[in-house]
Amino acid sequence: MLDVNLLRDHPELISATLSHRGIDGVDLDTLAELDAQRRAVRAEAEALRSEQKEVGGTVARLDGDEKDAAIARGAEIATAYKAKLAEADELDARFEAGWIPLPNLVHASVPKGETEDDNEEIKQWGDVPSFDFPVRDHLELAAESGIIDMERAAKISGSRFGLLTGKAALLELSLVRWALDRLEPQGFTPVIPPVLVKEEALFGTGFFPDDAEQVYSIPSDDLFLVGTSEVSLASMHADEIFPVADVPLRYAGFSTCFRRESGAAGRDSRGIFRVHQFDKVEMFSFCHPDGSWEEHDFLFAQEEALVQELGIPYRVVNVCSGDLGASAAKKYDIEAWFPGQERYREITSCSNTTDYQSRRLKIRVKEDKGNRLVHTLNGTAVAVQRTLVAIMENYQRADGTVRVPDALIPYTGFETF
RNA sequence: GGAGAGGUGGCCGAGCGGACGAAGGCGCUCGCCUGCUAAGCGAGUAGGGGGUGUAAAACCUCCUCGAGGGUUCAAAUCCCUCCCUCUCCGCCA
């Protein structure tokens, strides 16, 4: 959620962001009028309330006719107050309906564009491997050993579910543990959070109302399955005020992630590249509002270090405005090279959501001159399934086996699979 | 799932219809005092919205005592619904 003061003092910044993001049809003038109106009506209601309290206060001290008169007067004011209050509430609701969906202000360095095709490549790392044998994709590589079983997964759960068995399962655990071991010394506290969350958590992080169609819901219990542990990690500190010394506060959350992938019908339908359920280690940081761009670089540096240690060639893209989520002010994606697809595909992303989430979640840092909203940032450490695919395809050998990246061997206990 | 207890400020804890945003204590901050880590004394110490503004300040006002509704001139206090925590029983990874 944006700061309402922007609408009052700098509406041009909002319109700039909207046009940057390619969103039109938002009537800021009407919103501003509605805002002024709701405040005026709220002020009238408050004046009545103040009078009511004053009159009410005299009732206890009066007797006889005077008391009766005060009670009668109080009743009149109470009626008027309730009516005015209802009017103010209604105006608030109308205002919020227009205000809440507005996305975060985008950073000036975000390229303007509509789809991921407009993302700006800013870096390449590593050498795209060349093979002197026919390249297999991850499913072909898994065929012999059967460590990825799509057919049986479909039997259990339908399409877009995967089953990792044997060494694939062990490799997942190795990846997770390896990532946590790298992050903990950098100040990230490992966390295993709930993945079933309340609506407030999704609203607070900006996934509601914008991406509601991507979220699995459990209507019988009013709970939702998270698409990323970012939701849980951000929400765990809702309504808190940190001492300045406590920030940046960093977590590395490990969780299963659930995504409906609605609208992705037909895309990446092969294997475990895009599935409804996957596992991920996610970095999350609550930091001082003056330091979030540095923190963004810091989180991104962790991502690069991890992918580099795995030795997977990648490129970095600065995600364009149209491909940016509502809560992000800026986002870098790392796209790994997938020999099976012969192109770069996203394996991590790192966003600075500035105060967009913290405003909804009411997370502040204590300062002498009033408390300030923290900035929140998130970044993928390891998206297990996609990383597994990237490893398999990049480390494949002529005989169809795969070499385990050196960094993981101490964790896997095996060198090939 | 069954039975009971309870949710108040950073923490503990009073209040159970009227001057209560809230006694008291602890903690913390500042000052004083005491010639030795300690003690004592004084002051301050929740968050948020709106308004006036000499706009850094100061002032006025409203909201918040788990959440939401209701009763009343008036609710932390009474009623209803929901959520959460704790204890005991049952079940269970």
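Just the heavy atoms: all of them, side chains too, but no hydrogens, waters or symmetry mates, feed the values below.
- Residue contacts shown for A:Ala70 are absent, as no nucleic acid heavy atom lies under 4.0 Å away.
- Note: A:Tyr332 and A:His296 have parallel aromatic rings, judged against thresholds of 30 and 60 degrees for the angle between ring planes.
- Residue contacts for A:Glu76: at a heavy-atom cut-off of 4.0 Å it reaches no nucleic acid atom on any strand shown.
- Look at A:Arg38 and A:Glu33 and you find no salt bridge, because none of the NZ, NE, NH1 or NH2 atoms lies under 4.0 Å from a carboxylate O.
- A straight line from OH of A:Tyr81 to P of B:C62 spans 10 Å, rounded to a whole angstrom.
- Between the side chain of A:Glu46 and the base of B:G51, no donor-acceptor pair under 3.5 Å is found.
- When heavy atoms are screened at a 4.0 angstrom cut-off, A:Lys362 is found touching no nucleic acid atom at all.
- At a threshold of 4.0 angstrom between heavy atoms, the contacts of A:Arg8 are confined to the sugar-phosphate backbone, with no base atom among them.
- Under the 30°/60° scheme for interplanar angles, the aromatic rings of A:His276 and A:Phe161 are found to be tilted.
- Checking B:U61, B:A75, B:G47 against every side-chain atom of A:Ser50, the shortest atom distance belongs to B:U61.
- Between the side chains of A:Thr416 and A:Thr401, no donor-acceptor pair of N or O atoms lies under 3.5 Å.
- In this model, the phosphate group of B:C63 is approached by a side-chain N or O of A:Lys53 to a distance below 4.0 Å at OP1 or OP2.
- Pair check for B:C73 finds B:G18; Watson-Crick or G-U wobble, both atom distances under 3.5 Å.
- Residue A:Gly74 is in sugar-phosphate contact alone, with no base atom involved, counting any heavy-atom pair closer than 4.0 Å across all strands shown.
- Pairing of B:C36, defined by two Watson-Crick or G-U wobble distances under 3.5 Å, is not identified with any nucleotide.
- Residue-level contact check: A:Val55 touches neither bases nor backbone, having no heavy atom under 4.0 Å from any strand.
- If A:Gln52 and A:Asn371 are placed on RNA chain B by their nearest nucleotide, the residue sitting closer to the 5' end is A:Asn371.
- For A:Arg39 and B:G49, the shortest distance from a side-chain N or O to OP1 or OP2 is not below 4.0 Å.
- With RNA chain B read from its 5' end, the first of the two nearest nucleotides for A:Arg49 and A:Gly57 is the one closest to A:Gly57.
- Note on A:Asp239: nothing from the nucleic acid sits closer than 4.0 angstrom, heavy atoms only.
- The separation between A:Arg61 atom CZ and B:C73 atom P is 18 Å, rounded to whole Å.
- Pair assignment for B:U52: B:A58, on the basis of Watson-Crick or G-U wobble contacts that are both within less than 3.5 Å.
- Within 4.0 Å (heavy atoms only), A:Arg42 reaches no atom of the nucleic acid at all.
- Between A:Lys366 and B:G47 there is a side-chain polar atom (N or O) within less than 4.0 angstrom of OP1 or OP2.
- Partner of A:Phe224 under the ring pair (Phe, Tyr, Trp, His ring centres under 6.0 Å) criterion, chosen from A:Phe208, A:Tyr216, A:Phe207: A:Phe208.
- The residue A:Ile77 sits apart from the nucleic acid: no heavy atom pair falls under 4.0 Å.
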